[in-house]
2 protein chains.
Amino acid sequence: MTHHRMRWEERLWATGHRVTRQRSLILDAVCAGEGHTPLGEIYARVRRADRSIDRSTVYRALRLFVEVGLVVAADTGSGETSYEIKKPRPHHHLVCRGCGGEQEIGDDATAAMFDEVRRRHGFEIATDHLVLFGLCEACRCRAGP
Amino acid sequence: MTHHRMRWEERLWATGHRVTRQRSLILDAVCAGEGHTPLGEIYARVRRADRSIDRSTVYRALRLFVEVGLVVAADTGSGETSYEIKKPRPHHHLVCRGCGGEQEIGDDATAAMFDEVRRRHGFEIATDHLVLFGLCEACRCRAGP
DNA sequence: CCGCTTGTCGCAAAGATCGGCAGGAAGCGA
DNA sequence: TCGCTTCCTGCCGATCTTTGCGACAAGCGG
């Protein structure tokens, strides 16, 4: 399991929310696989553990987890939103429109940009997980200029 | 009207699509107001001009416009997607989670970041319109550290 | 351990977005 | 101008996501 029980329970508690069996199962489901998981798959995993949990509960729990910073959401343009347990170091995703492949990048590049926005516009960016679309090296060469 | 008739007709044409009355009305509706417009409002404007146009036609036309680069889409987290006619110079939006206010920023900051991503990962980012969430200066001072 | 308060859950229904299908029209060539 | 071909549209239903509501249970105080 990627998340530590104490950690997330305290986080919920500190933000004035309750720790429930459903939320525990849903967070387990987010961590069950590698990388980000589409909601449908998370729901399937949760149902495997407990048939009675409703879809809306999953949606609400995930929204809450994102709100309190336990999980990051990513709309990869596939029709359904994906979720991933938040890692200590923020990262972003590059999604290739040619082959559909994805790669993860660190937050070095964006950190500088966020700083500049803060200096020039006084705006503190909180978004810590971007999904950027474009063309990967292979597809770029294949397609030509 | 913000868009020039010739411009968009040629763009559709060049990408192998047809110029239709519906698409014309929908693009007019996108340009009718200031800044970006939520889909519901676009639909309302279109219906004011022609009762018979269907919602799915509006969705399909907007998706097409985005695809061929006539319009940019922005998910401002309000539940429905907003659209805006594409300006010659790309820009991004900062949405404050405190007051809900929005401001536009140029692409200077992101241009440097995109370059770095290309250099380091060989990935050419095509996304030209970001919506970044955070806290504006006023709300940041009000909330304190 | 018992009951209270209040946040949560399951359910149902609404809202937003997308996809299939058959009729209709844009744009081409004669 | 008249068809023809192909794409587009309107209609309907499917899918993804959110919301309102009454029942329920987490966490508190006794």
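Computed from a predicted model, the values in this text were never measured in an experiment. The figures here come from the full heavy-atom set of this structure, side chains too, leaving out hydrogens, waters and symmetry mates. Naming: A, B, ... by sequence-line order, numbering from 1 per chain.
Checking side-chain atoms of B:Arg118 against main-chain N and O of B:Gly122 turns up no donor-acceptor pair under 3.5 Å. The closest donor-acceptor contact from the side chain of A:Arg23 to the backbone of A:Arg18 lies under 3.5 Å.
Heavy-atom distances under 4.0 Å link DNA chain D to B:Ser52, B:Ile53, B:Asp54 of residues 43-55 of chain B, given in residue order. Of the residues in residues 126-134 of chain A, not one comes within less than 4.0 Å of DNA chain D through any heavy atom. Listed in residue order, the members of residues 56-77 of chain B having a heavy atom less than 4.0 Å from DNA chain D are B:Ser56, B:Thr57, B:Arg60.
Using a 4.0 Å cut-off between charged side-chain N and carboxylate O, B:Asp128 and B:Lys86 make a salt bridge.
Place A:Arg21 and A:Tyr83 on DNA chain D by their nearest nucleotides, and A:Tyr83 ends up nearer the 5' end.
The two residues B:Leu135 and B:Arg140 have their closest heavy-atom pair at O-NE, 4.1 Å.
A donor-acceptor contact under 3.5 angstrom links the side chains of B:Tyr43 and B:Arg47, judged on distance only.
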Let me have the donor-acceptor pairs involving side chains of residues 65-78 of chain B, under 3.5 Å, with sequence neighbours excluded, atom names and distances please.
| residue | atom | partner | partner atom | Å |
| --- | --- | --- | --- | --- |
| B:Asp75 | OD1 | B:Gly77 | N | 3.2 |
| B:Thr76 | OG1 | B:Ser78 | OG | 3.4 |
| B:Ser78 | OG | B:Glu80 | O | 3.4 |

For residues 94-108 of chain B, tabulate all N or O donor-acceptor pairs below 3.5 Å that involve a side-chain atom, not counting sequence neighbours.
| residue | atom | partner | partner atom | Å |
| --- | --- | --- | --- | --- |
| B:Glu102 | OE1 | B:His36 | NE2 | 2.7 |
| B:Asp107 | OD1 | B:Arg89 | NE | 3.1 |
| B:Asp107 | OD1 | B:Arg89 | NH2 | 2.9 |

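If you check distances only, the side chain of A:Arg23 never reaches the base of C:dT8 with a donor-acceptor pair under 3.5 Å.
With D:dC8, D:dT17, C:dC9 as the candidates, the nucleotide lying closest to the side chain of A:Gln22 is C:dC9. Distances were taken from every side-chain heavy atom of A:Arg18 (C-beta onward) to each of D:dC8, C:dT17, C:dT6; the shortest belongs to C:dT6.
Rounded to 10 degrees, the angle separating the terminal helix axes of the helix from C:dC1-D:dG30 to C:dA30-D:dT1, each built from five base pairs, is 30°.
One hydrophobic cluster, built from ILVMFWY side chains closer than 4.5 Å, cannot hold both B:Phe133 and A:Phe123; they sit in different ones.
Using a 4.0 Å heavy-atom criterion, one finds that A:Gly79 contacts the sugar-phosphate atoms exclusively.
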